[in-house]
Amino acid sequence: MSSLGQRTLSGFLWTFTSETGSRAISFIIGIVLARLLAPEHFGLVAMLYIFFDVSNSFVNSGFSQALIRKDTITEEDKSTTFIINISIAAFFYLMLWYGAPSIARFFDQPQLVSLTRFMGLTVLIQAFVIVQRATFTQQLR
């Protein structure tokens, strides 16, 4: 197999393993939460996942993939991507923060206000690791 073919296969396997592992961990966490929480509390958390998934899809808006595809990543590339991702994450967190009362009214669940504001921090936290993950993946080719 050619060098390009080996790199492509290696990259595919690492990406596949990463995605599968990430989804498996999320699935296991969901099962653990379902066992630990009462059904009504688990339902409250589940109501919010759509908002966090949409926010995270915008935060992960392709900049990390652009870094992975570059032959060499400069510090300027990393800095630019980091600042853009943090800015987008902060924007979406603020939308979640100020939208929390509306979300709670929509679902008629007042406790969703504080839950949305607390769980929304994951959007910010995940934005901090995007550049590091992209750099690591790019180095693995």
Side-chain angles (χ1 to χ4, degrees), residues 2-141:
S2 71
S3 174
L4 179 60
Q6 288 174 337
R7 287 187 5 212
T8 302
L9 181 60
S10 174
F12 170 77
L13 290 175
W14 275 108
T15 302
F16 178 78
T17 303
S18 172
E19 287 297 317
T20 304
S22 176
R23 303 228 185 249
I25 289 170
S26 294
F27 180 72
I28 290 168
I29 289 171
I31 289 173
V32 170
L33 283 176
R35 299 285 296 160
L36 293 176
L37 298 175
E40 59 272 9
H41 296 140
F42 184 75
L44 288 175
V45 172
M47 288 177 191
L48 298 176
Y49 273 121
I50 184 67
F51 298 103
F52 301 129
D53 283 346
V54 169
S55 297
N56 283 326
S57 69
F58 279 100
V59 172
N60 299 328
S61 61
F63 288 102
S64 63
Q65 292 301 316
L67 283 180
I68 291 169
R69 288 189 175 97
K70 285 190 76 164
D71 289 332
T72 56
I73 302 174
T74 65
E75 288 302 315
E76 185 178 8
D77 295 333
K78 290 178 188 178
S79 296
T80 303
T81 302
F82 181 77
I83 290 170
I84 289 172
N85 283 333
I86 293 298
S87 300
I88 293 171
F91 172 75
F92 276 94
Y93 180 68
L94 288 173
M95 285 182 57
L96 287 168
W97 178 274
Y98 289 112
S102 298
I103 293 169
R105 272 193 308 278
F106 178 78
F107 288 112
D108 195 27
Q109 298 290 331
Q111 58 271 56
L112 284 180
V113 173
S114 58
L115 197 57
T116 302
R117 290 175 175 170
F118 178 72
M119 287 180 62
L121 289 172
T122 61
V123 174
L124 283 173
I125 292 168
Q126 288 180 357
F128 279 97
V129 300
I130 288 174
V131 172
Q132 289 79 8
R133 187 180 305 143
T135 303
F136 178 71
T137 304
Q138 194 266 351
Q139 289 171 350
L140 290 175
R141 308 241 184 272

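What you see below is based on every heavy atom in this structure, not just the backbone, and it leaves out hydrogens, waters and symmetry mates.
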Applying ring pair (Phe, Tyr, Trp, His ring centres under 6.0 Å), which residue pairs with at least one partner in residues 64-90 are found, sequence neighbours left out? Phe82-Phe128
Are Val131 and Thr135 close enough, and set up right, to give a side chain to side chain contact (heavy atoms under 4.5 Å, CB included), and what steps lead you there? CA-CA 6 Å; Val131 172; Thr135 303; 4.0 Å; yes
Taking distance alone, no hydrogens or angles, what donor-acceptor pairs closer than 3.5 Å link side-chain atoms of residues 92-113 to residues at least two apart or in another chain?
from: Tyr93; atom 1: OH; to: Arg117; atom 2: O; distance (Å): 2.9
from: Ser102; atom 1: OG; to: Arg105; atom 2: NH2; distance (Å): 3.3

side-chain contact (heavy atoms from CB on, under 4.5 Å) with Thr74: which residues, sequence neighbours excluded? Glu76, Asp77
Nearest-0.5 Å distance, CE of residue Met47 to OG1 of residue Thr116: 10.5 Å
side-chain contact (heavy atoms from CB on, under 4.5 Å) against Glu75, all qualifying residues, sequence neighbours excluded: Lys78
Residues forming a salt bridge (charged side-chain N to carboxylate O under 4.0 Å, His left out) with Arg35, sequence neighbours excluded: none
Tell me every residue that passes side-chain contact (heavy atoms from CB on, under 4.5 Å) with Ala38, counting only those two or more places apart in sequence or in another chain. Glu40, His41
Name all pairs fulfilling the side-chain hydrogen bond (donor to acceptor under 3.5 Å, both in side chains) condition that reach into residues 120-134, sequence neighbours left out, sorted by first residue then second. Asn56-Gln126
State which residues pass side-chain contact (heavy atoms from CB on, under 4.5 Å) with Ala89; sequence neighbours excluded, sorted by chain then number. Val59, Val123, Leu124, Ala127
Could you grab the distance from atom CG of Leu36 to atom CD1 of Ile31, nearest 0.5 Å is fine? 12.0 Å
Taken to the nearest 0.5 Å, the spacing of Asn60 CG from Ile88 CD1 works out to 9.5 Å
